[in-house]
Every structure is written in structure tokens, then in C-alpha cells.
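Side chains are part of it too, since the values below use all heavy atoms of this structure and drop only hydrogens, waters and symmetry mates.
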Amino acid sequence: MLLPDHIAIIMDGNGRWAKQRKHNRFFGHIRGAKVAYSIIEECAKINLKYLTLYAFSTENWKRPKTEVSLLMSLLLKHLAKEQKKLMDNNISFHTIGNTQELPIEVQKLLSETYEVTKNNTGMKLTFALNYGGKQEIINATKEMYKSIEDGKIKASDINQDLFNSYLQSSFLPNPDLIIRTSNEQRLSNFFLWQAAYSEFYFCEKFWPDFDLSDLNNAIDSFNNRSRRFGNIDSKLSDPPSPRVHQ
Ligand code: FPP
């Protein structure tokens with residue numbers, strides 16, 4: 001079975017999962033965080049190279065303050081506790097997004113976890129935190145403009161590879177497979193540039209119910225796709241034209 005190099009997950013449905021069980025939304029996030037760490041471990045065990053989790057979007061600040069605080073405290077609690085598991089599984093930890101706007105104690109833990117795990121050679125785990133695809137593209141454009149002003153590059157040098165190198169996520173390959181739970185079928189400002197040729201897998205389950213069998217179903221489904229990147233499938237191409245005798 002072919003394993004995608006990079007799986008990115010939009011973990012959605014914590015609130016609805018909790019509501020179905022007549023609990024408050026917090027209950028869903030608490031369960032969702034546990035599921036996130038078990039999926040991280042499963043992905044490392046199958047030797048996935050890159051896993052990116054959309055953990056907090058630039059739009060999530062619109063939620064009630066108490067919910068935002070809970071999400072931040074879940075980040076703090078779990079990441080501190082799971083550092084050993086990251087080491088045991090040879091995982092290096094990274095972030096994308098404007099993390100400098102997160103609470104200072106979260107920022108400290110994120111840099112500490114990066115430092116502690118940076119020499120691990122297995123899976124690269126990236127948390128997208130205070131991340132928005134549009135913001136990432138705007139930031140890259142500003143940086144590129146600055147480079148033009150400083151005379152480092154010329155406007156005529158701009159191409160896809162150069163633009164990509166200005167993105168904060170340029171250390172990651174484009175995601176091969178994007179999974180979204182809770183049966184919502186949209187990107188929600190995630191990896192807008194990078195998803196141009198990603199395969200999508202929409203899972204009906206809410207995130208707190210997502211498990212190894214769902215991960216395997218997503219990978220199976222990926223294996224049945226024919227990725228043509230705008231080209232044609234050689235098996236489907238026209239037969240060679242008959243030779244015309246003169
Ligand atoms: C979507 O559920 C989930 C999020 C806002 C972010 C994901 C957060 C977690 C899984 C918990 C913390 C994660 C880590 C890695 C520590 P929702 O609230 O949008 O659900 P709803 O659409 O049903 O309301």
C-alpha cells in the first residue's frame with residue numbers, strides 16, 4: 001500500500017460530538033485532544049513522514065473567551081505531557097501560524113518542544129496554530145515585496161518555487177492527503193496555496209470518534225485515486241494514431 005508523504009487533518013466536530021452526548025463543548029475538545037495524540041502516535045508508527053494538524057485557526061479567536069482559554073490550556077497540558085512520547089517515537093515538532101500572538105506560556109512550550117525534538121529524524125509533526133492560509137499568503141507577499149525593495153530579487157524572478165520559498169510552511173511538502181472530519185466539506189482557510197493538487201477525504205465521524213480504522217480508510221481511499229496533476233492518465237490516453245502511408 002502506498003503511503004502519502006504528507007497527511008494534513010482538519011479536526012472538526014468536537015462541539016457537535018459533545019452536544020450529541022448532552023455535554024458542553026469543552027467535553028468535546030478534551031476528548032478531541034486525546035484523540036489527536038493517539039493519531040499522532042499511530043501516524044509515527046506507520047512511518048508517515050509528515051503530519052500536520054489544524055489545531056487553531058485565525059478565525060477561532062471569534063469563539064467565546066472561555067473556549068479559547070480552554071483550547072490554549074489543552075495545548076499546554078498535553079504538549080508538556082506528551083514530550084516524552086514525541087521523543088520515544090522519534091518525532092520532531094514544528095508549528096506554522098502566527099504563534100507570537102498566542103499566550104506567552106504557550107509560546108514558551110512550543111519553542112521548548114521544538115528545541116527538545118529538533119534532532120529527531122522520524123515524522124515531522126506540525127501544529128497549525130493561529131494559522132490562516134490567506135494570512136500566510138499575504139505575509140509571504142509582503143516579505144517578497146521587501147526583498148524586491150532591498151534589491152535581493154527582481155519582480156521578474158517571481159515564480160511558483162520562489163513564492164513557495166517565502167511561505168512559512170515552505171519546510172513542508174504540499175499535503176498529499178487532507179482529511180476533514182464531521183462531514184463538512186471545505187478548507188476553512190487551511191493550506192490554500194498548498195492544496196492545489198491535494199486529495200481530499202471527508203469522514204462522517206466527528207473528530208472525537210476518529211480512530212485508526214478511519215485513518216486506514218482514508219489511506220486506502222488515497223490509494224484508489226489517480227493523481228494526474230493536470231496531466232492525463234497514460235492508461236487513458238488516446239491510442240497512437242495509425243500511420244498514414246504516402
Ligand atoms: C473543531 O471542533 C476543533 C477545533 C476548533 C480545533 C481542534 C482542537 C482540538 C482537537 C483540541 C485540542 C487539540 C490539540 C492538538 C491539543 P469544533 O469546535 O469546530 O466543533 P463543531 O464544529 O462541532 O462546533
Strictly distance-based, threshold 3.5 Å: is any side-chain N or O of D211 a donor or acceptor partner for the main-chain N or O of S213?
yes
Between the CE atom in M87 and the OG1 atom in T113, the distance rounded to the nearest 0.5 Å is 11.0 Å
Test side-chain contact (heavy atoms from CB on, under 4.5 Å) on L172 and F191 and set out the steps.
CA-CA 11 Å; L172 294 170; F191 276 163; 4.2 Å; yes
side-chain contact (heavy atoms from CB on, under 4.5 Å), that's the test. Do K124 and Y50 meet it? Break it down for me.
CA-CA 5 Å; K124 265 190 174 35; Y50 301 89; 3.4 Å; yes
Tell me whether R25 contacts the main-chain N or O of A18 through its side chain, where contact means a donor paired with an acceptor under 3.5 Å.
no
Looking only at side-chain N and O atoms, does Y166 offer a donor or acceptor that is under 3.5 Å from a partner on S147?
yes
Indicate yes or no for a side-chain donor-acceptor contact from T141 to the backbone of I137 under 3.5 Å, with no hydrogens or angles considered.
yes
Kindly say whether S169 contributes a backbone atom to a donor-acceptor pair with the side chain of E136 at under 3.5 angstrom?
yes
Got more than 12 heavy atoms from elsewhere within 6.0 Å of CD, Q160?
no
Shared ILVMFWY cluster between L76 and L53, side chains joined below 4.5 angstrom?
yes
Go through the structure and list residues passing ring-ring contact (aromatic ring centres under 6.0 Å, His included) with F93, not counting sequence neighbours.
F127
Answer yes or no: are there more than 12 heavy-atom neighbours, outside F171 itself, under 6.0 Å from its atom CZ?
yes
Ionic contact status for K62 with E59, cut-off 4.0 Å
no
How about N90 and T121: does a side-chain donor come under 3.5 Å of a side-chain acceptor?
yes
Cluster question for you: counting only ILVMFWY and a side-chain heavy-atom cut-off of under 4.5 Å, with indirect links fine, are L125 and Y114 together?
no
Okay, side chain of N120, backbone of M123: is any donor-acceptor separation there less than 3.5 Å?
no
Given 3.5 Å as the limit, does a donor-acceptor pair link the side chain of W207 with the main chain of G32, or not?
yes
Give the C-alpha distance, both sets of side-chain angles, the deciding distance and a yes or no for side-chain contact (heavy atoms from CB on, under 4.5 Å) between F56 and L75.
CA-CA 10 Å; F56 192 85; L75 245 175; 5.9 Å; no
Looking at I179 and A218, what are the two nearest heavy atoms and their distance?
CD1-CB, 3.6 Å
If we ignore hydrogens and angles and just use 3.5 Å, is the side chain of N224 paired with the main-chain N or O of S221 as donor and acceptor?
no
Under 3.5 Å, side chain of N89 to main-chain N/O of I91, donor-acceptor pair present?
no
For P173, is there any backbone N or O sitting under 3.5 Å from a side-chain donor or acceptor partner on H6?
yes
Is E143 salt-bridged to K146, going by a charged N under 4.0 Å from an acidic O?
no
Look at atom CD of E204 and say whether more than 12 heavy atoms of other residues, nucleotides or ligands are closer to it than 6.0 Å.
no
Would the number of heavy atoms belonging to other residues, nucleotides or ligands and lying under 6.0 Å from NZ of K19 be above 12?
no
For residues 95-105, pull every pair meeting side chain to side chain donor-acceptor pair (under 3.5 Å), keeping only residues two or more places apart or in separate chains.
E101-N130
Going by side-chain heavy atoms closer than 4.5 Å, which hydrophobic residues are tied to F206, directly or by a chain of links?
W17, F27
Taking N189 for its side chain and K134 for its backbone only, find out whether a donor-acceptor pair lies under 3.5 Å.
yes
Could you walk me through whether Y54 and I96 pass side-chain contact (heavy atoms from CB on, under 4.5 Å), step by step?
CA-CA 9 Å; Y54 199 13; I96 51 171; over 6 Å; no
